[in-house]
Trainee: 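Can you read through this structure? Questions will come right after.
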Amino acid sequence: MTDSSVPATGTADRDLRAFIAGLPKAELHVHHVGSASPRIVSELAARHPDSRVPSDPEALADYFTFTDFAHFIEVYLSVVDLIRTPEDVRLLTYEVARDMARQQVRYAELTLTPFSSTRRGIDPRAFMDAIEDARKTAEAEFGTVLRWCFDIPGEAGLESAEETVRLATDDRFRPEGLVSFGLGGPEIGVPRPQFKPYFDRAIAAGLHSVPHAGETTGPETVWDALTELRAERIGHGTSSARDPKLLAHLAEHRVPLEVCPTSNIATRAVRTLEEHPVKEFTRAGVLVTINSDDPPMFGTDLNNEYAVAARLLDLDERGVAELAKNAVEASFLDAAGKARITAEIDTYTAAWPAR
Ligand SMILES: Nc1ncnc2c1ncn2[C@@H]1O[C@H](CCC(=O)c2cccc(C(=O)O)c2)[C@@H](O)[C@H]1O
Ligand SMILES: [Zn+2]
């Protein structure tokens, strides 16, 4: 596990963390299986003792230490292997929403990889029913609104793209909460343009395009995501910092980046937090949103990501509130939904004790 917690620097740091903890937030880049808490992973690992995943939380922290991005995906897939029944899917989704609500997340677009579940034998209809049941129950019980992004696990090939777009667009499967279409997994050796026909179909069916790009490869992948996949937001986009023209394009066309600082360190996509390019993004006028990606696997949560961002961007409470509003603005909520959370953020910030 990566300890990227901001070192405690005294009262100011504690106050900012308290402010963040209570701040209403939206999260735009967080993976379903990657959000399984140690308790859920341990429970599933105990239920399926044939798995390599340790059920003891301390051993799990060790298990979630990655040597590189490929190692991260290998471990990630061993956790995917623990999700075997529709009830596993429902429990995971519901518990993820509970953890979000505890962090004052009002709205989240959760990335699911339905191909990984259907290829492991979960019936597609039962999968959809499980996530929809969890979404509705979680909204009623916790007040957190969930929406779905279905992503293609690119390295699994075009067969996975075909299955993902089928599940996302065929009325027999497409869940009510689905808003967007993504592409994840390793980028090296998995060129983005090959997925254009699948994104075209998803976009034609009314879904938003939100591929990962520039996480582990250069800015040309981000260009491909923009031009070939018609990306409306970019997952990570870290290497955009190496291309000033790209930064100017992202800023001019208001294409937000879904920045996940601790993830980038944990997967070794970026060497140290100090080298993270988030400051270059804001300096170039790019709309930055802060996200947690696979929080328990990276030893973080959304609140900690905001604290990390505040340190890297040198923000006070008001600056952090602006970051939270960026995520609302970049979300696929309707205008009324955006206005409601933005107003809540403003009210909370105005009431925060000034020092
Ligand atoms: N930081 C991240 N950056 C990128 N992706 C991330 C990140 N975090 C989590 N993911 C997830 O990892 C999945 C990868 C799954 C994958 O590659 C694969 C390959 C071959 C077979 C199968 C299978 O299921 O049989 C799966 C992606 O779809 C994505 O949702
Ligand atoms: Zn991701």
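Indexing begins at 1, ligand by ligand and atom by atom, following the structure's order. These values consider heavy atoms only, across backbone and side chains, with no hydrogens, waters or symmetry-generated copies.
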Trainee: Less than 4.5 Å apart, any side-chain heavy atom of Tyr94 and any of Phe142?
Mentor: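 In contact.
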Trainee: With no hydrogens and no angle check, do the side chains of Thr289 and Asn291 hold a donor and an acceptor under 3.5 Å apart?
Mentor: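 Looking only at side-chain atoms, Asn291 and Thr289 do form a donor-acceptor pair, the distance falling under 3.5 Å.
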Trainee: Could you please provide the protein residues found below 4.0 Å of ligand 1 on a heavy-atom basis, arranged by chain and number?
Mentor: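 Answer by chain and number: His31, Phe69, Phe72, Ile73, Tyr76, Leu77, Thr113, Ser116, Arg119, Arg120, Asp151, Pro153, Ala156, Gly184, Gly185, Pro186, His212, Glu215, His236, Asp293, Asp294.
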Trainee: Treating Arg119 as the side-chain partner and Pro114 as the backbone partner, does any N or O pair qualify as donor plus acceptor under 3.5 Å?
Mentor: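 No: the side chain of Arg119 does not pair with the backbone of Pro114.
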Trainee: Do Ser331 and Glu109 have a side chain donor and acceptor closer than 3.5 Å?
Mentor: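 On atom types as modelled, these side chains do not qualify, holding no pair under 3.5 Å.
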Trainee: If we ignore angles and hydrogens, is there a donor and acceptor under 3.5 Å between the side chains of Arg106 and Gln104?
Mentor: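 Their side chains do contain a donor-acceptor pair, which is all the 3.5 Å distance test asks for.
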Trainee: Near the Zn ion (ligand 2), which protein N/O/S atoms are found at less than 2.8 Å?
Mentor: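 Protein N/O/S atoms under 2.8 Å of the Zn ion (ligand 2): His29 NE2, His31 NE2, His212 NE2, Asp293 OD1.
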Trainee: Would you confirm whether Lys25, through its side chain, and Val328, through its main-chain N or O, come within 3.5 Å as a donor-acceptor pair?
Mentor: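 Pair absent, no side-chain N/O of Lys25 close to backbone of Val328.
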Trainee: What closest approach, in Å, do Leu302 and Ile290 show between heavy atoms, and which atom pair accounts for it?
Mentor: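 For Leu302 versus Ile290, the nearest heavy atoms are CD1-O, 3.5 Å.
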Trainee: Hey, is the main chain of Val75 close enough, under 3.5 Å, to the side chain of Ser78 for a donor-acceptor pair?
Mentor: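 Such a contact is found between Ser78 side chain and Val75 backbone.
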Trainee: Which atom names give the shortest non-hydrogen contact between Phe150 and Leu167, and what distance separates them?
Mentor: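 That closest heavy-atom pairing would be CE2-O, 4.1 Å.
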